[in-house]
Amino acid sequence: RYDPAKDFEPIGIAAGTPILVVSKKDFPATDLKSFIAVLKERGDKVNEAHAGIASVSHTTCTMFLGMIGAKATRVAYRGTGPALNDLVAGQVDFGCDQIVNLVPQINAGTIKAYAIATPERSPALPNVPTTKEAGLPDYQVSAWNAVFAPKNTPKDVVAKLNDALSKALDDEATRKRLLDLGGVLPEKAERSGEWLGSFVASEV
């Protein structure tokens, strides 16, 4: 057992990863409103794929289903890869997942994206509307990745690691790769360990 706000030394945030609502490519809905209507009508006859209990895809779809007042048959996989493979193959109907896992499939047309759960559209998927544009403005959720060290790591070590992370985020090749996948990179003021510590507390 551990306390995420107290039992680590925060080094810095790496990237945010917005959540999208997606379905298999031939699901009978053209936009988020019609997708929600199908879910409400068919209920547990619709299968939702997720990467396992308490995963990002599971928790964000739990939030989504609760907001729209619908049910689905929830299918747990051993990770995002298997879940996404079956979604692409049409073996399951829909899911909620991080943008970094979905951009290639959406751009290839192998899955369908209904909305991104952020205030603004993503440059990586400019044709995908926000949940506000699509009619579900309160569904705002993103995951994030950050770097931590064990509690009581010396301050000079934490500072060196933070500096290395910041330099990596300034590297053009690294930035391009993360942005192409739809990652949201932190501003300079959001790169300190102190900022990350406060952010973790607010997220909890």
Side-chain angles (χ1 to χ4, degrees), residues 4-5 10 12-24 27 29-40 46 48-72 74 80 83-84 87 92-107 111-147 169 175 178-192 195-204:
I13 196 160
T17 54
I19 301 301
L20 289 108
V21 179
V22 296
S23 75
K24 61 183 182 181
F27 193 84
T30 56
D31 56 22
L32 188 64
K33 287 184 178 179
S34 58
F35 175 68
I36 291 172
V38 172
L39 286 182
K40 288 183 174 181
V46 180
E48 173 231 316
H50 63 76
I53 301 298
S55 65
V56 171
S57 53
H58 175 254
T59 54
T60 55
C61 252
T62 300
M63 182 178 176
F64 173 72
L65 291 169
M67 278 190 171
I68 66 172
K71 293 184 178 181
R74 314 195 69 186
T80 297
L84 186 54
L87 186 64
V92 287
D93 296 311
F94 81 101
C96 312
D97 205 354
Q98 301 172 70
I99 190 172
V100 293
N101 298 327
L102 303 173
V103 168
Q105 287 75 21
I106 293 170
N107 286 335
I111 61 175
K112 190 185 298 185
Y114 294 109
I116 185 168
T118 50
E120 298 177 355
R121 294 192 183 201
S122 169
L125 295 170
N127 295 324
V128 176
T130 66
T131 46
K132 182 177 181 179
E133 293 172 322
L136 192 65
D138 290 339
Y139 187 60
Q140 298 283 314
V141 59
S142 289
W144 47 268
N145 296 281
V147 182
L169 290 170
R175 290 181 65 84
L178 291 171
L179 292 170
D180 285 348
L181 289 171
V184 178
L185 302 186
E187 301 291 339
K188 295 278 189 182
E190 300 172 343
R191 293 189 186 180
S192 71
W195 187 93
L196 176 58
S198 297
F199 180 65
V200 170
S202 71
E203 288 286 85
V204 172

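Other residues, nucleotides and ligands contribute more than 12 heavy atoms inside 6.0 Å of the CD atom of Glu203. No more than 12 heavy atoms of other residues, nucleotides or ligands sit less than 6.0 Å from atom CD of Glu120.
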Is there a side chain to side chain contact (heavy atoms under 4.5 Å, CB included) between Trp144 and Val200 once you walk through the steps? CA-CA 10 Å; Trp144 47 268; Val200 170; 3.8 Å; yes
For this session: Check the pair Val103, Asp180 against side chain to side chain contact (heavy atoms under 4.5 Å, CB included), reporting the backbone distance first and the verdict last.
Result: CA-CA 8 Å; Val103 168; Asp180 285 348; over 6 Å; no
With ring pair (Phe, Tyr, Trp, His ring centres under 6.0 Å) as the criterion, how do Phe94 and Phe35 come out once you've worked through the C-alpha distance, each side chain's angles and the decisive distance to 0.1 Å? CA-CA 10 Å; Phe94 81 101; Phe35 175 68; 5.4 Å; yes
Applying side chain to side chain contact (heavy atoms under 4.5 Å, CB included) to Leu84 and Leu102, what does each step give before you reach the verdict? CA-CA 8 Å; Leu84 186 54; Leu102 303 173; 3.8 Å; yes
Report task. Check step by step if side chain to side chain contact (heavy atoms under 4.5 Å, CB included) holds for Val184 and Ser142. Result -> CA-CA 10 Å; Val184 178; Ser142 289; over 6 Å; no
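In this structure, the separation between OG on Ser34 and CG on Leu39 is 10.0 Å, given to the nearest 0.5 Å. Note: Asp93 CG to Lys24 NZ = 4.5 Å, rounded to the nearest 0.5 Å. One distance of note links CD1 of Ile19 with OH of Tyr139; it measures 6.5 Å at 0.5 Å rounding. Separating the CG atom in Leu87 from the CD atom in Glu48 is a distance of 10.5 Å, to the nearest 0.5 Å. In this structure, CG in Leu179 is found 4.5 Å from CG in Leu185, a value given to the nearest 0.5 Å. Here the CG-CG distance, from Leu181 to Asn101, works out to 9.0 Å after rounding to the nearest 0.5 Å.
Heavy-atom minimum distance, Ala113 versus Leu20: CB-CD2, 4.2 Å. Nearest heavy-atom pair across Pro126 and Arg121 is O-NH1, 2.9 Å. Of all heavy-atom pairs between Pro186 and Leu169, the closest is CG-CD1, 3.7 Å. Closest approach of Gly182 to Ile99, counting heavy atoms only: O-CG2, 3.3 Å. Scanning all heavy atoms of the two residues, the minimum distance from Ile53 to His58 falls at CD1-NE2, 3.7 Å. The shortest non-hydrogen separation linking Arg191 to Glu187 is CG-O, 3.3 Å.
In this structure, Tyr114 and Ile36 have side chains that are not in contact, with every pair of non-hydrogen atoms separated by 4.5 Å or more. The side-chain heavy atoms of Cys96 and Met63, taken from C-beta on, include no pair separated by under 4.5 Å. Side chains of Phe27 and Val46 form a contact here, defined as non-hydrogen atoms less than 4.5 Å apart. Taking the side chain as every heavy atom from C-beta outward, Lys132 and Pro119 never approach each other to under 4.5 Å. The shortest distance between side-chain heavy atoms of Ser122 and Val128 does not fall below 4.5 Å.
Put simply, the residue from Ile116, Ile106, Asp97 that forms a side chain to side chain contact (heavy atoms under 4.5 Å, CB included) with Val22 is Ile106. The side chain to side chain donor-acceptor pair (under 3.5 Å) with Gln98 is formed by just one residue from the set Thr17, Asn145, Thr80, Thr60; it is Thr17.
No donor-acceptor distance shorter than 3.5 angstrom exists from the side chain of Lys33 to the backbone of Gly135, with no hydrogens or angles considered.
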